[in-house]
Structures are given as C-alpha cells and as structure tokens.
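Heads up: the structure comes next, in structure tokens.
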Amino acid sequence: MTDIPKTYSPQEIEAKWYQFWLEKDYFHAADTSDKPSFSIVIPPPNITGNLHVGHALDNTLQDVLIRWKRMQGYNALWMPGTDHAGIVTEIIMEQKLEVWGTSREALGREKFIDRMWNWKNESRGTIIEQLRQIGCSCDWERERFTLDEGLSEAVRTAFVKLYDDGLVYRDTYLANWCPNCQTVISDLEVESIEIDGSFYHIKYPIKGSSEYLEIATTRPETMLGDTAVAVHPEDNRYQHVIGKTVILPLVQREIPVIADEFVDREFGTGALKVTPAHDPNDYELGLRHDLPQINIFHPDGTLNQSAGSEYHGMDRFDCRSALIEDLRDSGLLMKVVPHPHSVGHHDRCGAIVEPYLSPQWFINVKPLAERAIEAVRKGEVVFIPEREEKRFYHWMENILPWPVSRQRWWGHRLPIWYCDDCGEVIAAVETPLECTCGSQNLRQEEDVLDTWFSSGLWPFSTMGWPKTTPLLKSFYPTSVLVTGWDILFFWVARMIMLGLKCHGEVPFRKVYIHALVADEQGQKMSKSRGNTIDPIDTIYKYGADAFRFALVFCTLPNPYMPLPESQIEAGKRFANKIWNASRFLLMNLGNFDPSRTTNSNDNLYLCDRWIRSRFNATAKNVTACLDEYRFSDAAHALYEFLWHEFCDWYIELIKQRLYYTDDSSSKQTVQSVASDILERTMRLLHPTMPFLTEEIWQRLPHEGDSIMVAPWPNPNPAWDDPESENAMQTIMDVIESIRSIRGEMNVAPSSEVEILIKAPSAKNRNLLETHLEDYLPSFTRISSVSIAESLEKPAACATAIVGDLTLYVPLAGVIDIGAERNRLEKRLGKLTADLTAARKTLDNPKFIERAPKTVVMQKQDLLERFESEKEKLESNLNMLE
RNA sequence: GGGCGGGUAGCUCAGUUGGCCAGAGCGACGGCCUUACAAGCCGUAGGUCACAGGUUCAAGCCCUGUCCCGCCUACCA
C-alpha cells in the first residue's frame with residue numbers, strides 16, 4: 001500500500017473509472033423496474049457546440065442528483081441528447097460557407113441541409129464526449145437528437161394536434177424580423193439594448209400653407225413609408241391642422257393629419273409620423289384609421305422600390321445617413337438632438353430587429369398558458385427557488401401568440417401543405433398524397449418551426465411519444481428539470497404548456513433553476529466579455545472532481561454565482577486532502593482484516609464514538625440538503641466534516657493508537673472504525689466527486705463492485721452520541737487553548753511545556769484524566785500534564801479558561817507579562833460586554849415573563865458561564881504581577 | 001413606467017419558522033518542512049449586519065421610509 005502516490009493525479013484515474021462504469025452498464029436505466037423511478041431529461045445542448053461553463057454547472061448538478069438517487073435505490077434515468085439549434089447553427093454554417101466562397105442561397109435548400117447533416121455528423125460526440133469528461137452518468141444508449149425521425153414525428157404530431165384544435169393560424173402581422181438572418185423571431189429572442197441614438201426634428205410642410213409640422217423621430221428613414229401624421233385630438237397647438245394634409249418631405253406624398261388619443265402630447269413635439277408597415281404602434285394606429293401600409297424594405301433590410309428610386313437598394317442605415325443629408329440640403333432638417341433609447345437586437349446575431357410585415361404561422365398559446373398556470377398553482381410543478389414561480393406567472397399571464405414559423409432551412413419543416421388547385425390548407429403528420437379536391441398539386445410549407453417548439457416536446461418526445469412506450473409509463477412526468485433562469489420562458493414554460501397539451505400531464509414535478517456562472521467580479525461569464533473559463537481546460541488543470549466540487553460549492557439560489565478560479569483550486573486541494581487522508585489510513589491498515597472485526601462497541605475510544613456521531617450528523621445533513629436542492633450546503637457539510645473533523649481531529653487522535661499500540665484488538669478496532677467512516681463518507685461524497693471517491697473506495701475495505709451502485713449511507717441511530725460529542729468538545733477546547741497560548745506566547749513548536757489543569761468538577765476531571773494523555777501528544781509537545789481538583793497557580797504562567805476548567809501553562813523565562821496581560825484583558829473586555837448584554841436581558845422582567853422557558857434557561861446558563869469565566873479571568877489577571 | 005433580487009470581514013458570499021458570544025472560503029499577518037498531505041499544519045487580526053424609524057421581552061432576519069447596486073419586463077415616437 002506504500003505505492004500510493006503522495007499527490008492526487010486525476011487524469012488516468014478519471015478515464016479509467018469512466019470506462020469501467022460504461023462497461024458495467026451502470027448508467028443504463030431499465031425500461032421497467034420494481035424500483036421506484038427517478039428521471040431527468042438533459043437540457044439538450046447544441047449538437048455542433050462546445051461545452052461551456054454553464055453546461056458544466058447544469059450537468060454537474062444533474063449528475064449529483066442522478067447518482068445520489070441511483071445510490072438511494074431508484075431506477076434512475078438520465079435521458080441525454082442534443083438539439084439542432086436552428087438559427088445559431090445556420091448562422092455559423094453560413095459564416096463557414098462564406099469562407100469557402102459560397103453561400104446558403106448558392107447551394108440551395110437540399111445541398112445546404114446535406115452540409116448541415118455532415119457537420120452534425122462530424123461534430124457528433126464532441127459535446128457528448130465533454131459531458132463524459134466531467135463524469136456525467138447519462139444513459140447514453142438512449143441518446144436522442146431533435147431531428148431524429150422519432151422526435152420529428154413527435155413534432156409533426158404535436159403541431160397537427162394544435163392545428164386540429166384550432167390553436168394554429170396563419171396571419172400577416174408586423175412581427176420582429178431579423179434582416180441579417182432573414183427570418184421572423186419571437187419577442188423573447190429580441191434583446192433591448194440602450195443605444196446613443198438621436199432625435200431628428202423634421203419639417204413636414206402643410207399643404208397650401210407656409211406652415212409646417214415639426215416631427216421628431218429616431219428612425220428618419222421610415223418616413224419613406226409614412227402614410228399619416230397624428231396628433232392628440234385635444235392638443236391646442238394642433239387643432240387647426242387636424243384633417244389637413246401635409247406634404248411628406250423628399251417623397252412629396254400627400255398624407256393626412258389625423259387625431260388619435262394614443263399620441264402623447266408631452267413627448268417629442270406632440271406630432272407623430274405614422275408608418276403602419278414599420279412600427280408596431282403605427283400599425284395599430286393605421287388599422288384604426290384605415291391607413292395604407294407601405295412596406296419600404298426588402299427582407300434583408302435594404303430599401304425596396306416603394307422607397308423611391310433615390311433610395312432603392314440602399315441599406316437601411318446608409319439610407320438614414322443619406323436621407324438626413326438630403327433633408328439638411330432641402331432645409332427641412334431642423335435639429336438633431338441626442339436621444340438615448342433602447343433598440344431591439346436579435347439575441348443570436350446582434351442585428352437590429354425590424355418590425356416587418358410578413359405572413360407567419362402562430363400558435364395561440366393563451367389557453368395553454370392558462371392551463372399551465374393552473375397546474376403550477378396546484379403544485380403539480382414546483383419551482384425551486386420559489387421566486388422563479390413569480391416570474392413564470394408574470395410572463396404566462398401576459399403571454400402573446402407565439403410566432404413559430406422561421407424562414408430557415410435547418411429544422412422541422414411545418415407539416416402544412418397547400419393545394420395549388422383549390423387553395424386548401426392541409427395539416428398532416430404523414431405527407432398527404434392528394435387534396436380533398438382530388439388534386440395532387442400539393443406543396444409543403446417552406447418554413448421550419450422555431451427550435452423551441454421541438455425542445456418544448458423534449459421530455460416526452462425523447463421517451464417515444466406519440467407512441468405509448470414503457471419508458472413514458474415509467475418515467476413521465478420526469479422528477480426534476482435542472483436549468484438556468486435565462487431559458488425559463490423560452491423552454492421551461494413551453495414544456496409545461498406542451499406537456500399538458502400533448503401528453504395530458506406536466507413534464508416534470510420540480511424545476512430547479514440555477515444561477516448563471518459569473519466571474520469573481522460578479523460579471524456573467526460570456527464570450528464577449530472574455531471572462532469565460534473553459535471546462536475542458538479546467539478539468540485538465542485541476543481535475544474533474546475539483547471542478548465539480550467548486551461548482552456544487554458555489555451553487556446558491558442566486559441569479560448569478562461567482563466561480564473564482566481560487567474556488568476551483570480549493571476543490572483541487574480538497575481532493576488532495578482526501579487523497580492523503582486515505583493514503584494515511586491505507587498505509588496504516590497493515591494486515592487489517594475487516595471480516596474479523598466485530599461490531600461490538602467494547603473497544604471504542606471516546607473519539608471513535610465521537611466521529612461516528614459526527615458522521616451521523618453529516619449524513620443526515622447532506623441528505624437533507626440534497627432533498628432541498630441546497631447543493632452548496634451539502635458541499636460545505638462534507639468539506640467541514642472531512643477536513644475539519646475527520647482529518648484535523650480524528651486522524652490526529654488515532655495516530656497514537658495506530659503507531660504505538662501493541663494491543664492488536666485495539667488497533668483492529670480503530671482500523672475498523674476509521675476505514676468504515678471513510679468508506680461511508682466516500683459514498684456521501686460520491687455524487688459530487690465521483691472519480692476520486694471510486695478510486696479510494698476501491699482501495700478501502702468495501703462491499704460490492706463499484707461505489708456508483710453502493711447504497712447511500714443512512715445514519716446509524718446507534719451512533720448518535722451527544723455525550724461523547726460534548727466530552728470531545730471539552731477536550732478539543734483544552735487543546736485549542738493550549739495551542740493558542742503557545743502561538744501567542746511565541747513558544748517554539750519544538751519546545752515542550754508543562755500543563756496544569758484545575759478541574760473542580762469530578763466529571764471533567766475524570767474526562768481529562770481518562771483521555772487527555774492519549775490525545776494531547778498528537779497535538780502539542782508537552783513534558784507533563786497535571787490534573788487536580790484544585791491547585792495553586794504557578795508563577796509566570798499563561799492561563800486559559802475552558803468551562804469550569806482553568807489551564808496553567810508555566811512559561812518561566814519565556815512569558816512576556818505585558819503580552820499575557822494584553823491577551824487576558826482583551827478577552828476580559830469582550831467577556832464583560834457579552835456579560836452585560838446577557839444580564840440586561842435577564843434583568844428585564846418581561847423577558848422572563850414572555851420568552852419561552854428554554855430560551856430563558858439558555859440565557860441563564862450563558863450568564864453563569866460568563867460570570868464564572870470572568871471571575872477566573874480577573875483572578876488570573878490579578879495574580880499576574 | 002412596472003416587477004424581482006440584493007447592500008453582512010479587504011474580496012466572494014452563508015446566516016433556513018426572530019432566541020447560544022454574527023460564520024465560511026479566499027486574501028492579510030505571525031510561526032512551523034511535526035514521518036498522510038507545504039495543494040499542508042498551528043495561531044492572530046478584521047464587522048456601528050447600507051441609513052432612519054417602527055413592531056417585539058428579543059431584530060442581520062418582520063414592517064415603513066430613504067439612499068445605492070443588479071436583473072427582468074414595457075409600444076412613449
């Protein structure tokens with residue numbers, strides 16, 4: 001066993017165990033089982049993407065849950081897969097095509113799609129392989145992709161079902177249009193960004209008059225599509241122009257001045273240019289006043305022929321500049337005023353979104369939303385943290401129709417066919433052969449569906465829906481969904497709506513919404529900020545377990561979670577600490593034979609009973625934390641127990657017995673207790689740090705083939721031992737006091753000191769007499785220990801007080817009286833303050849009267865302790881001369 | 001404009017239904033290569049819990065107001 005390396009090196013260990021688990025098929029969940037079911041579907045990452053830190057967090061948390069539940073005896077399914085990620089993937093492909101000197105249009109739909117599939121097949125596995133590197137125990141045999149035939153059938157089925165129920169319709173509407181991607185997008189995909197824009201004040205001359213109206217606009221180029229000017233009906237400034245005609249500058253089109261209450265008199269000049277085809281408000285205004293809609297843009301954002309020959313073919317922003325110059329030249333530009341305002345940008349490509357008239361397919365999600373809200377209100381889906389539920393309601397209650405068609409090629413083509421002969425529109429799961437009119441001139445809709453539509457079906461489409469499969473029966477609704485808050489509306493809300501609609505049941509019982517990863521300054525990690533960390537580099541540098549531990553440790557129910565590199569380093573140090581504690585133990589197991597150990601408590605030392613009791617508390621705590629999705633607390637509990645109880649104290653406490661005991665049965669006992677506690681703790685830690693724990697577990701005495709399938713450690717009620725915990729606490733306090741004196745008095749660690757302890761109570765005297773000499777040498781160099789009911793304070797010594805105990809450490813020739821006085825006075829100052837506060841509370845008759853008895857008693861105890869300690873401190877101070 | 005979250009140690013944050021002397025990690029300072037671990041060990045310092053009121057026997061926690069910060073959301077051209 002001495003061949004165990006001194007430092008933990010994760011690389012080969014991680015690869016080895018992952019392969020082992022795969023070979024043993026531990027990741028695979030049975031279709032049906034006698035065990036209770038637990039299931040999670042992975043938020044499918046982009047098939048052509050790379051793992052980023054957000055994925056790492058999301059999937060680590062899922063892996064923690066799934067490994068934990070598996071150990072708890074569940075038939076645990078983690079359904080993996082990937083998403084085709086329509087628009088983003090196409091954007092990247094188009095960039096590649098440009099480099100290769102071609103384009104989407106040049107290739108045509110069929111060849112373009114072929115390229116996409118080739119790319120998909122090439123990159124297939126990249127992100128999956130990365131998930132494996134962080135240790136994800138997904139059921140890889142069941143891996144799905146949103147464009148697979150089965151899932152595509154689910155998409156068609158769901159869409160047709162919605163169509164048949166009258167929830168799908170086609171409409172020409174002023175929707176958000178991305179001129180760069182040349183597709184409509186939903187309002188969720190529009191990101192408002194504040195820009196330093198300008199207000200352009202333009203003269204609109206009134207026909208047959210020398211007067212003009214002053215119009216302020218942020219988008220002067222849209223004036224080419226103006227079909228009216230509007231003022232407030234009660235605006236005194238403009239009463240005389242209502243009903244008159246103005247001449248649209250440059251264009252010379254005559255347009256009416258209308259009155260509408262929508263216009264805000266306070267804003268701008270109180271006169272509004274109306275462009276029904278290019279502004280949502282103007283669109284509504286136009287409908288009310290029956291104004292013409294003049295579309296001045298091509299789909300790519302260049303000006304079309306309606307803009308007039310002057311501007312035809314120009315880009316919309318070039319046109320703005322040109323138009324401003326022309327207005328200036330004509331003397332119609334009055335002024336340009338800085339006007340910061342927010343402008344919609346496409347969240348995928350960053351282009352400024354254009355409100356644009358086009359025929360689109362919509363889903364009327366209002367009825368679905370109502371049902372989803374009801375389900376959440378009834379608790380069929382529980383949000384963690386709870387506050388996310390409010391965001392959910394807020395969005396759902398104000399939901400608008402969902403534009404689902406996209407003018408793109410990579411995705412599910414809408415299962416809609418048009419009859420060229422009779423104009424019939426057919427929605428069908430399978431390609432129809434002929435129309436009801438008998439015509440075979442059927443043409444499928446060109447548009448594809450929004451990627452989020454297929455994602456919305458993910459929890460059941462991956463399990464075989466629309467077929468009724470054993471998998472659906474066993475695992476739907478899934479137990480919990482784990483995802484970031486940024487896709488609550490995009491994805492979570494839609495899954496709930498579509499799950500209820502299509503499968504009649506919510507898709508998951510719980511949603512755990514985690515933070516987005518931020519850097520040390522609290523800034524979200526993003527490529528544009530350049531503050532990202534690469535998970536694969538990080539794993540290489542620190543090890544997967546260290547990375548996972550840091551992620552779990554930092555996971556709090558906040559919107560952003562800082563993940564400083566120092567925390568990942570701490571994870572690495574923790575892994576190394578565990579490694580070395582295990583190494584120590586393994587080196588001292590000798591020819592220990594666990595099978596010969598009885599479970600008798602006879603030979604147990606105080607510290608054995610203590611560590612078992614502490615283990616119990618830890619096991620309870622960790623389980624409770626995971627039950628409540630308090631990941632960070634679980635990690636803290638494990639860290640605290642392993643490092644600061646097991647390593648700092650227990651290992652030190654047993655060294656004497658392991659090193660110097662000849663009594664083989666006593667040695668056998670401590671070997672048994674220590675290896676048993678470590679083995680169980682490895683199981684508690686396994687979901688968080690799977691590789692390290694497997695490696696150590698395999699080396700320790702254990703039962704079974706893998707820690708992965710070992711049972712989750714439950715607390716053993718027989719191990720709860722508050723008395724031992726109290727006794728150990730006293731001993732630890734004594735040791736800490738001595739160490740503190742040595743440290744503060746600058747006693748060299750190599751020099752031995754004498755310890756005298758006045759122990760008035762028989763209980764503590766007995767405790768110290770029985771145990772202290774066993775334990776003390778491991779912690780501090782001592783020449784002798786004297787314990788007595790009462791003893792005289794030696795000259796020139798430092799003192800400390802622990803409960804009713806008074807410790808004397810003679811330091812003749814070493815002690816600095818001034819330093820010791822300072823030390824004691826400082827302690828006394830704090831003590832006096834605390835004592836005064838406690839006394840004040842207790843002197844209040846209302847406190848005695850109204851506070852619970854236990855609280856009063858606690859306070860009284862506390863006061864007594866303060867008083868006794870103060871008394872001792874003062875006497876020590878007085879004797880200091 | 002509306003909504004949500006936050007302001008606790010130098011930094012990042014815990015602090016679960018109000019009730020032991022307000023904690024952790026990192027950083028700082030001092031001392032140790034003590035045979036599991038220097039990726040370690042020991043010790044020390046550092047906080048008017050944003051501010052002002054209120055409720056209560058008791059407030060970091062509950063209520064009101066103020067000041068900051070962040071985010072989400074909204075059609076003011």
Side-chain angles (χ1 to χ4, degrees), chain A residues 4 6-8 192 199 215-219 222 230 262-264 266-275 279-284 339 341-342 355 387-388 390-391 394-395 398 485-486 488-489 518 520-522 524 542 546 553-554 556 558-564 566-567 569-570 572-588 628 630 632-633 636 639-640 647-648 651-652 655 659 736 739-744 746-750 778-781 830-831 833-835 837-838 841 844-852 854-856 858-859 861-862 865-866:
Chain A
I4 306 168
K6 202 167 166 178
T7 53
Y8 172 60
S192 283
F199 243 154
I215 305 279
T217 178
T218 56
R219 304 192 56 202
T222 62
F262 168 77
V263 180
D264 181 349
E266 310 300 318
F267 193 84
T269 62
L272 171 71
K273 63 190 270 313
V274 184
T275 323
D279 181 280
N281 292 318
D282 296 4
Y283 178 78
E284 295 296 329
H339 179 70
H341 60 285
S342 54
R387 92 179 95 83
E388 296 298 329
K390 289 188 203 160
R391 284 181 67 224
H394 184 257
W395 189 69
N398 297 289
W485 56 263
D486 53 332
L488 180 65
F489 308 144
E520 208 155 351
Q521 276 72 46
K524 182 191 169 184
Y542 299 100
F553 195 88
C554 290
L556 290 159
N558 293 342
Y560 291 93
M561 62 176 241
L563 182 71
S566 62
Q567 193 58 58
E569 266 168 39
K572 185 181 174 183
R573 289 201 303 273
F574 184 44
N576 193 55
K577 185 73 180 177
I578 298 164
W579 179 256
N580 273 292
S582 309
R583 180 166 170 264
F584 164 81
L585 206 57
L586 290 165
M587 289 192 310
N588 286 287
E628 294 165 32
R630 283 157 41 215
S632 180
D633 290 347
H636 270 96
Y639 185 88
E640 179 65 25
C647 292
D648 285 357
I651 285 185
E652 296 305 324
K655 275 182 177 171
Y659 289 161
E736 280 178 345
R739 289 203 294 214
S740 177
I741 287 171
R742 295 188 61 132
E744 284 184 72
N746 291 316
V747 178
S750 53
S778 287
F779 294 95
T780 185
R781 297 228 174 166
K830 168 124 177 64
L831 195 58
D834 292 340
L835 191 145
T841 306
N844 185 342
K846 283 184 179 168
F847 173 73
I848 310 290
E849 186 186 321
R850 298 193 193 173
T854 51
V855 174
V856 176
Q858 278 170 3
K859 211 49 150 186
D861 275 1
L862 194 65
R865 264 163 48 206
F866 286 159

* Structure fact -> Taking for Asp633(A) and for Lys830(A) the nucleotide of RNA chain B with the nearest heavy atom, the one nearer the 5' end belongs to Asp633(A)
* Structure fact -> Paired runs of 3 or more consecutive Watson-Crick or G-U pairs involving RNA chain B, with both pairing distances under 3.5 Å, are B:1-7 with B:67-73, B:10-13 with B:23-26, B:28-32 with B:40-44, B:50-54 with B:62-66
* Structure fact -> By salt bridge (charged side-chain N to carboxylate O under 4.0 Å, His left out), Lys390(A) pairs with (sequence neighbours left out) none
* To do: If the plane angle is over 60° it's perpendicular, under 30° parallel, otherwise tilted; pick one for Phe574(A) and Tyr639(A).
  => tilted
* Asked: Residues in salt bridge (charged side-chain N to carboxylate O under 4.0 Å, His left out) with Arg630(A), at least two apart?
  -> Glu628(A), Asp633(A)
* Asked: Mind checking what makes salt bridge (charged side-chain N to carboxylate O under 4.0 Å, His left out) contact with Glu652(A), not counting sequence neighbours?
  -> Lys655(A)
* All side-chain hydrogen bond (donor to acceptor under 3.5 Å, both in side chains) counterparts of Asp264(A), not counting sequence neighbours -> none
* Asked: Given the P atoms of C71(B) and U64(B), what is the spacing between them in whole Å?
  -> 25 Å
Which protein N or O atoms sit under 3.5 Å from an N or O of nucleotides 74-77 of chain B?
| residue | atom | partner | partner atom | Å |
| --- | --- | --- | --- | --- |
| C75(B) | O2' | Asn281(A) | ND2 | 2.9 |
| C75(B) | N1 | Asn281(A) | OD1 | 3.3 |
| C75(B) | O2 | Asn281(A) | OD1 | 2.8 |
| C75(B) | O2 | Asn281(A) | ND2 | 3.3 |
| C76(B) | O2 | Asp264(A) | OD2 | 2.6 |
| C76(B) | N3 | Asp264(A) | OD2 | 2.7 |
| A77(B) | N6 | Asp264(A) | O | 2.8 |
| A77(B) | N6 | Phe267(A) | O | 3.2 |
| A77(B) | N1 | Asp264(A) | N | 3.2 |

* Asked: Partners of Glu744(A) by side-chain contact (heavy atoms from CB on, under 4.5 Å), sequence neighbours excluded?
  -> Ser740(A), Arg823(A)
* Asked: Under the side-chain hydrogen bond (donor to acceptor under 3.5 Å, both in side chains) test, which residues partner Ser778(A), sequence neighbours left out?
  -> Gln656(A)
* Applying side-chain contact (heavy atoms from CB on, under 4.5 Å), name anything that partners Ala833(A), two or more places apart in sequence or on another chain. => none
* Going by an N to O cut-off under 4.0 Å, is there a salt bridge joining Glu569(A) and Lys572(A)? -> no
* Asked: What is the distance, rounded to the nearest whole Å, between atom CD of Glu744(A) and atom P of A45(B)?
  -> 7 Å
* Results of salt bridge (charged side-chain N to carboxylate O under 4.0 Å, His left out) for Arg219(A) - residues two or more places apart only -> Glu221(A), Glu354(A)
* Starting at atom CD of Glu569(A), determine the distance to atom C1' of U12(B), rounded to an integer number of angstrom. => 15 Å
* 5′-ward residue of the pair Asn844(A)/Thr841(A) relative to RNA chain B -> Thr841(A)
* To do: Determine, for nucleotides 35-42 of chain B in 5'-to-3' order, which nucleotides have protein heavy atoms under 4.0 Å from the base (write B), from only the sugar-phosphate (write S), or from neither (write -).
  => -BBSBSSS
* To do: Can you sort out the partners of Tyr542(A) under side-chain hydrogen bond (donor to acceptor under 3.5 Å, both in side chains), two or more places apart, ordered by chain and number?
  => Glu565(A)
* Roughly, in whole Å, what's the span from NE2 in His636(A) to P in A14(B)? -> 10 Å
